Structures are given as C-alpha cells and as structure tokens.
Student: 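For reference, the structure I am asking about is given below.
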2 protein chains.
Amino acid sequence: MQQSTKALLRLRQMILGGELDVDERLSEPKLVERIAVSRTPIRVALVKLEHEGLIEALPSGGYKIRVFNKQDVFDAIELRGTLEGLAARRAAENRPTRRALAGLARALTELDDILSGETLSEDDFSRYMNANATFHDTLLDLAASPVMREALARTVALPFASPSAFVMAQAGLPESHQILHIAQYQHHRLYEAIEAGESSRAEDLAREHARLAKRNLEIVLEQDPAVPNLPGLQLIKDAGAF
Amino acid sequence: MQQSTKALLRLRQMILGGELDVDERLSEPKLVERIAVSRTPIRVALVKLEHEGLIEALPSGGYKIRVFNKQDVFDAIELRGTLEGLAARRAAENRPTRRALAGLARALTELDDILSGETLSEDDFSRYMNANATFHDTLLDLAASPVMREALARTVALPFASPSAFVMAQAGLPESHQILHIAQYQHHRLYEAIEAGESSRAEDLAREHARLAKRNLEIVLEQDPAVPNLPGLQLIKDAGAF
DNA sequence: TATCGATTATATGTATACAACTTGAATACC
DNA sequence: GGTATTCAAGTTGTATACATATAATCGATA
C-alpha cells in the first residue's frame with residue numbers, strides 16, 4: 001500500500017474516532033510521529049480530506065478538523081436523499097432488465113432474511129449495515145452514471161450522511177426493530193417502482209427513505225447522553241443539545 | 001499568491017484551454033517546465049484536480065486528462081439542476097424577507113436591462129454571463145446551507161455543468177436572443193416562487209431551467225463544425241458526432 | 001519482419017532540507 | 001496592571017534528492 005493511502009485511511013480513522021482534538025490545528029510533525037510516515041504523504045492526505053469536507057484550511061496555513069451543526073447534518077442527509085432520488089429516477093427510466101435487477105433483488109432478499117427473526121443480535125445489525133450498503137450501491141449501479149456516482153460518493157464522505165450511518169448506533173434501542181422494518185418496506189417499494197419504470201415514484205421514495213435517517217438521528221441523540229457508538233459524532237457541535 | 005494556487009489555476013486553464021494533449025500522461029517534469037514551479041505544488045494541484053474530476057489517476061501512477069461523453073455532460077447538467085432545485089426549494093421554505101431577496105432582485109433587474117435591447121453585442125453576452133452567475137450564486141445564498149453550497153460547487157467544477165457555460169458559446173447564434181429570454185422568463189418565475197414560498201414550484205423551475213442548458217448544448221453543437229468558443233469542449237469525446 | 005526480452009532512461013512516490021511565516025511567551029513600556 | 005513589542009520556537013509551504021517502479025529503446029531470435 002502507498003504511504004499516502006495509509007496516511008489517508010489512518011487520518012480519517014483518527015478524525016472520526018475522536019483521536020484528535022477538535023478546534024486545534026492539525027500539526028503535521030505530530031501526525032508524522034503518530035502515523036509513522038513522512039510529511040509528504042500526510043500533506044496529500046490533508047488535501048484530500050479537505051475536499052472530502054472533513055477538515056478545513058486555516059487562513060494562516062494548515063488545517064483543523066471541521067465541526068458541523070445539526071442543520072449541516074440534516075442538510076447532508078437531505079442532500080443524499082436528493083441525489084439518491086435522482087439516481088433512483090434514472091434507474092427507473094433506464095427500464096432495467098430482470099437480469100440487471102438481480103443484484104438489487106438479492107440485496108433485498110438478504111435484508112428480508114436478516115429481519116426475519118424475532119430479535120436482532122449485534123451481529124445482525126452488522127449484517128444489516130453491510131447488506132443495506134450493498135442495496136444502496138447496487139441502486140446506484142442501475143443509474144449507470146459515473147457523474148452521479150461521484151456526486152453521491154462525495155456526499156456520503158460526511159460520516160453521518162451515509163445510508164448506513166445510524167444502523168449500528170440504534171442497535172439496542174427499542175424502536176430499532178420497527179425502524180428497520182419501515183426502511184425495508186421502503187426498499188421493497190423502491191424496487192417495485194424501478195422495476196415498473198415508475199420514475200417519479202422511485203425518486204420520491206428514495207427521498208423519503210433518506211429522511212428516515214433523519215428520524216434515526218433524532219431518536220439516537222434523544223437517548224441517554226452516554227453517547228452511542230456513532231463514528232464522527234464528536235464532529236457535531238452541541239450534539240448534546242439536540 | 002501561493003505556488004500551489006498558481007499551479008492549480010494554470011493547470012486548470014491549460015486543461016480547459018486545450019493546451020495539453022488528451023490521452024497522454026500528465027508528465028510532472030514537463031509541467032514543472034511550463035508552469036515554472038517545483039514538483040511539490042504541482043502535485044498538490046494534481047490531487048485537487050482529480051477530486052474536481054478534471055483529471056483521473058492512472059493505475060500505474062500519475063494522471064491523465066479526463067474525457068467525457070455526451071451522456072456524462074447531460075448527467076452533469078441534470079445533476080446541477082437537481083442540486084439547484086434543492087437549493088431553490090430550501091430558499092422558498094426559508095421564507096426570505098424582502099431585504100434578503102434584494103440581491104436576487106438586483107441580479108434579475110440587471111439581466112432584464114441587458115436583454116432590453118433589440119440586439120446583443122459581444123459585450124452584452126459577457127455581461128449576461130456575469131449577471132447570470134450572480135443570480136445563481138445569490139439563489140444559493142438564500143438556501144443558507146454550506147453543505148449544499150459545497151455540493152453545487154463540486155458539480156459545476158465540470159466546465160460544461162456551469163450555469164454560464166453555454167452563454168458565450170451561443171453568442172452569434174440566431175436563436176440566442178430567444179433562448180436568453182426564455183431563461184430570463186424562468187428566472188422571474190423562480191424569483192416569484194421563492195418570494196411566495198412555493199417551494200415545490202421553485203424546485204421544478206430550477207430543474208427545468210437547467211435543462212435549458214442541455215438544449216443550448218445541443219444547439220451549439222449542431223452548428224458549424226468549426227467548434228465555438230467553449231472552454232473545455234475538447235474534453236468531450238466525439239463532440240463532432242452529436 | 002515481427003515479436004519477445006533485456007537494458008537504459010525516465011517518471012513517480014517519498015523523504016528530507018530550507019526559508020518564510022505564524023504563534024506563543026517573555027520583556028519592556030505606558 | 002494591562003498592553004505593545006521583540007524574540008524564539010515551531011510550523012507551514014516549497015524545493016530537491018533519492019529509491020523504486022514504469023516506460024521506452026534496442027537488440028536478439030523465431
């Protein structure tokens with residue numbers, strides 16, 4: 001693996017995992033020490049992370065970790081919903097063959113399978129997260145648009161904007177089972193709409209589906225102040241004041 | 001100015017202006033020679049341009065200029081329309097005060113003024129382009145969402161996705177006057193919708209407004225094969241085969 | 001003559017050196 | 001006592017050196 005890749009992955013992990021002080025300048029020499037890579041690949045990673053939106057350049061040089069307020073988070077989710085809506089509409093307009101839909105159908109069946117039990121184990125949540133990611137990714141494939149794929153990839157670079165962001169966080173919540181079933185209901189309807197070429201319906205469903213993530217976030221944050229296992233939560237300013 | 005900024009601006013100019021061979025690896029030593037800056041800031045610029053989508057990394061290292069097909073271009077325009085639609089909807093939902101709307105109204109009036117004459121000079125097209133950019137930018141201000149602003153900024157980084165992309169290109173076309181009037185009609189209706197808080201209408205109008213750029217592109221490219229003054233056109237594969 | 005292989009040349013990725021600048025602190029000054 | 005001011009330590013931005021990997025060239029062989 002390239003050193004710059006190592007630096008990027010590690011730095012992202014450090015930022016999302018809360019290993020670095022927010023509101024402080026990211027000192028390159030200190031990062032050199034912690035990541036064990038020279039300044040050059042670290043600077044490459046910093047440039048990339050700025051474009052991702054996880055850090056921001058300081059006027060006097062260098063970077064600092066970016067913090068978001070709750071409106072930013074909601075906007076990011078709304079933005080994802082809009083882009084997935086566009087992709088879903090395009091997917092429906094493309095009138096995919098049964099063969100092209102097979103991947104999406106498979107993800108759907110796996111999600112059904114995971115949710116079939118009475119209760120969900122920690123492992124089930126993890127499986128759900130993966131299968132959910134696959135579903136969303138396969139949907140994007142059906143849109144068959146590199147431009148849209150990139151736009152969406154850039155959007156979900158913000159940690160809480162990802163379709164799978166809050167799945168793990170709600171493991172253990174009493175409402176979780178029901179929420180996941182609602183999400184899966186929406187997945188099914190989305191599949192139907194795309195299969196039938198109902199493009200407007202597909203777009204609306206994808207949008208509303210993303211808004212479920214908003215509700216998830218609200219529910220998770222209303223819980224115990226003992227903050228849940230949500231990577232990147234410390235990047236949200238006043239997370240306790242939700 | 002920083003060397004890396006100089007390198008970024010110059011490189012972007014070289015790519016869009018067709019000063020570099022497409023389908024060839026961007027040789028860093030040669031760029032050093034042409035831009036008169038060391039490899040370090042050039043590499044920074046290359047990383048940024050890759051994120052912008054203007055160049056792509058080669059599997060064996062280095063970068064090459066990215067080429068787009070017509071579907072990519074249409075998708076980029078559709079994407080911009082979708083994002084501007086989201087911004088317009090949000091702007092309408094925000095119920096801006098008359099004072100907040102003043103900037104948008106001013107851009108609208110200036111556009112009216114430019115179009116008031118019987119014919120349009122080269123200079124008028126240039127003025128239109130600027131005022132049009134201001135209108136779209138001010139609209140984005142009204143959405144008051146950094147997340148959306150960034151998403152749109154990343155989208156219009158593709159040269160032909162910008163709201164002003166085809167304005168200059170159509171200077172001299174017989175249809176141009178009419179097209180600009182239609183665009184301005186849409187601007188007015190968009191303003192009305194935002195002022196009245198008609199969010200769905202605002203969204204639809206913004207989307208359809210972007211699709212006018214698609215028609216512009218089609219018209220411009222159906223013209224004389226003597227390719228018009230459209231920066232970045234050589235990045236579109238088979239532009240002649242439209 | 002065309003294709004494969006070895007060798008040379010060149011480019012990329014990384015580390016490091018250096019200069020200009022920023023930041024923090026200590027001291028002088030009001 | 002509080003505010004400038006100067007100085008030092010540290011940091012960033014840039015240039016360059018070096019090792020490894022890639023591309024090109026030339027020659028050999030089928």
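Heavy atoms only: backbone and side chains are in, while hydrogens, waters and symmetry mates are out. This one's a predicted model, so the numbers in the text were calculated from it and none came from an experiment. Residue numbers begin at 1 in each chain, while the letters A, B, ... track the order of the sequences.
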Student: What is the separation between atom CD on B:E24 and atom C1' on D:dT22, rounded to the nearest whole Å?
Tutor: 16 Å

Student: With a cut-off of 3.5 Å and sequence neighbours excluded, list every side-chain donor-acceptor pair involving residues 153-169 of chain A.
Tutor:
residue, atom, partner, partner atom, Å
A:T155, OG1, A:A151, O, 2.9
A:S162, OG, A:S164, N, 3.1

Student: Which residues, if any, of residues 28-43 of chain A bring a heavy atom under 4.0 Å of DNA chain C?
Tutor: A:V37, A:S38, A:R39, A:T40, A:P41

Student: Any residue in residues 1-9 of chain B with a heavy atom nearer than 4.0 angstrom to DNA chain C? Just list them by number, or reply none.
Tutor: none

Student: Distance under 4.0 Å to a non-hydrogen atom of chain B counts as contact; along DNA chain C, which nucleotides mark the start and end?
Tutor: C:dA11 to C:dT14

Student: Could you note down all residue pairs passing salt bridge (Lys or Arg N to Asp or Glu O under 4.0 Å) where residues 44-58 of chain B supplies at least one of them, sequence neighbours left out?
Tutor: B:R12-B:E52, B:E56-B:K64

Student: Would you mind reading off the distance between A:L26 atom CG and D:dT11 atom C1', rounded to a whole angstrom?
Tutor: 13 Å

Student: Under 3.5 Å, is there a donor-acceptor pair between the side chain of A:E218 and the main chain of A:A213?
Tutor: no

Student: Measuring only between side-chain heavy atoms, which start at C-beta, is A:D137 closer than 4.5 Å to A:R149?
Tutor: yes

Student: For A:L16, does its backbone N or O pair with a side-chain atom of A:Q234 as donor and acceptor, under 3.5 Å?
Tutor: yes

Student: Does A:R39 reach the main-chain N or O of A:E28 with its side chain, forming a donor-acceptor pair under 3.5 Å?
Tutor: no

Student: Heavy atom of residues 49-61 of chain B under 4.0 Å from DNA chain D: which residues?
Tutor: B:S60

Student: Less than 3.5 Å apart, any donor N or O on the side chain of B:E84 or B:H136 sitting next to an acceptor on the other?
Tutor: yes

Student: With the side chain counted from C-beta on, respond yes when B:V32 and B:V37 share a heavy-atom pair under 4.5 Å apart, and no when they do not.
Tutor: no

Student: Regarding A:E203 and A:R90, does a basic nitrogen lie under 4.0 Å from an acidic carboxylate oxygen?
Tutor: no

Student: Should we count CZ of B:R215 as having more than 12 external heavy atoms under 6.0 Å?
Tutor: no

Student: A side-chain contact here means heavy atoms from C-beta on lying under 4.5 Å apart; do A:Q71 and A:D75 qualify?
Tutor: yes

Student: Between the main-chain N or O of A:E24 and the side-chain N or O of A:D21, is there a donor-acceptor pair closer than 3.5 Å?
Tutor: no

Student: Looking at B:R127 and B:E122, is there a salt bridge between them, counting it only when a charged N and a carboxylate O are closer than 4.0 Å?
Tutor: no

